[in-house]
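Below you'll find the structure, written out as structure tokens, and then a few comments.
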Amino acid sequence: MSVVSSTPLAAAAELKLLARSIPRRVFDRASGTLGFRIGVSLFLILALAAIFYPEISGIDPTKMDIRARLLPPVFLGPNWSWAHPLGTDQIGRDMLVRSLVGLRYSFLIGVASVAVTLAIGCALGTVAGYYGGRTDTVIMRITDAQLSIPMIILAISVLGVSRPTIPAIILVLGLSNWPVYARIMRSVVMTERRSEYVRAAQVGGSTDLRIILMLLVPLLLPPILFTSVLDVARMMIFESILGFLGLGVQPPTPTFGNIIADGRKYLLNAWWIATMPGVFLGLTLTSINLVGASLERARNSIHGGEA
Amino acid sequence: MFVLAFLARRLVQGLVIVFLVSLLIFTLLRVVPGDPVRLMAGGMAPEALIEQIATSMGLRDPILVQFGRYMGNVVQGDLGQSFVRPANGAATGGSSFNDATRGERAKVADLIFETLPMTLQLAAVTLVIALVFSTIIGVAGGLAPGRWPDKVAFYVSSIFISLPNFWLGIVLALLFSVHLGWLPAIGYNGFAYTILPAIVLAVELSPVLIRTLVSSVSSQMGQSYVSVGKVRGLGHARIVANHALRNASVPLLNLLGVQFSSLLGGVIIVEFIFDYPGLGLLTINAVLQRDFPLIQGIAIVTSAIFVVINIVVDLVATTIDPRLEY
């Protein structure tokens, strides 16, 4: 592709338009599929419920009510009531509100840790791809080493030995998957840095930092964001695993992991405590994964068609 | 000859990785707050005794000195002794610091190599279940892109990847063990105890295998050798089984090497749920008890296994597809 423009930044603007068309085409193709639509609808329903139900119902997720303890979900046992559609736990806390509040924490931690992953991975990948040479070698060796480290052992060791706070959890999750992004970013930056518009910007006197931030990152980030959708789901599972082991957000704050760990003790006489939050988590993850997988399929078919 | 050069290079790289992992975990464990000596000696032990034990165990030396001493032993095959586990399996003690019945502490290497076979058995059963299931779904999907087997593969993998392993473990145990009574779930007392945990792990592992198989099989079927095979008069089944699947299995194999690390996470949680006495349960307990030497030993052994698995995967891949270079 040739970009004819008077200034480097105008060239960048034109090129951005050219390149934007690919993410848009991917999005258009994906949004036509059934899987994508199911995923988005399911996600919206769950998101609206998580945002509004705990507020509208006015139920405190940590409020105990001994008279209403171990109530089953509606229609699924004796003494159920519409006041607690998913039943209550061993000290009478409402399971629906607890699950939805857990969903909030899980999703926000998932998104935040993917943001950390993206920031680290893209920064290192861009630097490695742009400068090449020894910088590239050193960064890629670190990346290789990181991929060979049993991260789960490091993660649970650090969180188990220190106190798990929300920032610590986000950091540990965020540090687990950045090499994947570093590799993708490096390979695309390596091809881009030889293109005419980057040369033009260099000749025009733009600093490296300016080229990276103003030209490369806005151009190359959107396709990578498609990939990161699937990672949000992966991080949410990881977060709930930490919570289940007692290494996540600490009680009384409800999270999927710690509710399920609690409910496991009452599995035989109150099966819903451990299973219902998992249904919520599973539905949320399914919605995210359907969207992410549809985007990924659309991207592969478009790139495959061009190659 | 090339094979030997390849092996030598990869083994050296592997040693560097294992060394880095050891350094990382060793430093992390000593930088984060929490004194393991307090845990070993018990809450009632006087401060002077704590200091005495810590000094005699070398825990008050600079981290680099401790690390050097530790690695010196590791090179000789000695992974040290557990902080809290006794060798004879009796109670670990806890509150009393001068309990005479407290025996010799267990060797980390013994603990790891006692539990490792259990985890390998679990991993093997998992692989068999996951490969059989993914091959059926994935090959069918890859042979019919855009049609219903492809869609089945897409939805099955999307749903499977969305099932949190610990929740699935609880639900399956409740269903098959408590309600139906078909399979045992908790502990280990024979091969049947491996099946439920292996199913949970296989569900976790299958989605990536299915997706890789679908895309690699469908791209192989578009290659020219497939059309040439038809012209040569080979049957469809023979083309698929002898040629396309053989080539499609290479990405799958590479994937298995990479997946080992995430499978390890699943093993830890699944063994914890099912109280399955393998390396995963040992890891969780080591972390919860702040048993530093045990955590270090496990990290070193697992990263070494990881290195070996990836070397084996590359060797097998070049055997299947001789075009690949070492």
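Hydrogens, waters and symmetry mates are skipped; everything else that's a heavy atom, side chains included, is used. Every chain is numbered from 1, with letters handed out A, B, ... down the list of sequences. Please read all numbers here as calculations on a predicted model, not as lab measurements.
Expressed to the nearest 0.5 Å, how far CZ of A:Arg234 lies from CD1 of B:Ile161 amounts to 6.5 Å. From B:Ser157, atom OG reaches atom CG of A:Asn289 across 9.0 Å, with rounding to the nearest 0.5 Å. With rounding to the nearest 0.5 Å, the separation of CG in B:Leu174 from CZ in A:Arg264 is 12.0 Å. Note: B:Ile159 CD1 to A:Leu285 CG = 12.0 Å, rounded to the nearest 0.5 Å. Taken from CD1 in A:Ile241 to CG in B:Asn165, the straight-line distance is 4.0 Å, to the nearest 0.5 Å. How far OG of B:Ser158 is from CG of A:Leu290: 4.5 Å, rounded to the nearest 0.5 Å.
Contact annotation: the side chain of A:Thr33 never approaches that of B:Lys151 to less than 4.5 Å [non-hydrogen atoms, C-beta and beyond]. Two residues are said to be in side-chain contact when any heavy atoms from C-beta on lie closer than 4.5 Å; B:Phe166 and A:Ser240 meet this criterion.
With a threshold of 4.5 angstrom between heavy atoms, A:Leu283 does not approach chain B through any atom at all. With a 4.5 angstrom heavy-atom cutoff, B:Leu28 touches chain A only via side-chain atoms. Looking at A:Ala233, neither its backbone nor its side chain comes within 4.5 Å of chain B, counting heavy atoms on both sides. For B:Phe272, the parts lying under 4.5 angstrom from a heavy atom of chain A are both the backbone and the side chain. Heavy atoms of A:Ser294 lying under 4.5 Å from chain B belong to its backbone as well as its side chain. Residue contact with chain A, scored on non-hydrogen atoms closer than 4.5 Å, involves the backbone and the side chain of B:Ile25 alike. Heavy-atom distances place the side chain of B:Tyr155, and not its backbone, under 4.5 Å from chain A. For A:Ile288, no part sits under 4.5 Å from any heavy atom of chain B, backbone or side chain. Residue B:Leu168: no heavy atom, backbone or side chain, is found under 4.5 Å from chain A.
With B:Trp167 contributing its side chain and A:Thr275 its backbone, the two residues share a donor-acceptor pair below 3.5 Å.
Sparse packing is recorded around CZ of A:Phe27, with 12 or fewer heavy atoms of other residues, nucleotides or ligands lying under 6.0 Å away. For A:Phe280, the CZ atom counts as densely surrounded, since its 6.0 Å shell holds more than 12 non-hydrogen atoms of other residues, nucleotides or ligands.
The only option from A:Leu242, A:Leu245, A:Ile156, A:Ile237 that meets the side chain to side chain contact (heavy atoms under 4.5 Å, CB included) definition with B:Ile269 turns out to be A:Leu245.
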Carefully, step by step, assess A:Trp271 and B:Ile170 under the rule side chain to side chain contact (heavy atoms under 4.5 Å, CB included).
CA-CA 10 Å; A:Trp271 54 269; B:Ile170 291 175; over 6 Å; no
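Note on A:Leu247, A:Leu230, A:Ile38, A:Leu267: by heavy-atom pairs under 4.5 Å with chain B, the leading option is A:Leu267. When each of B:Val18, B:Leu163, B:Asp150 is scored by its heavy-atom pairs under 4.5 Å with chain A, the top score falls to B:Asp150.
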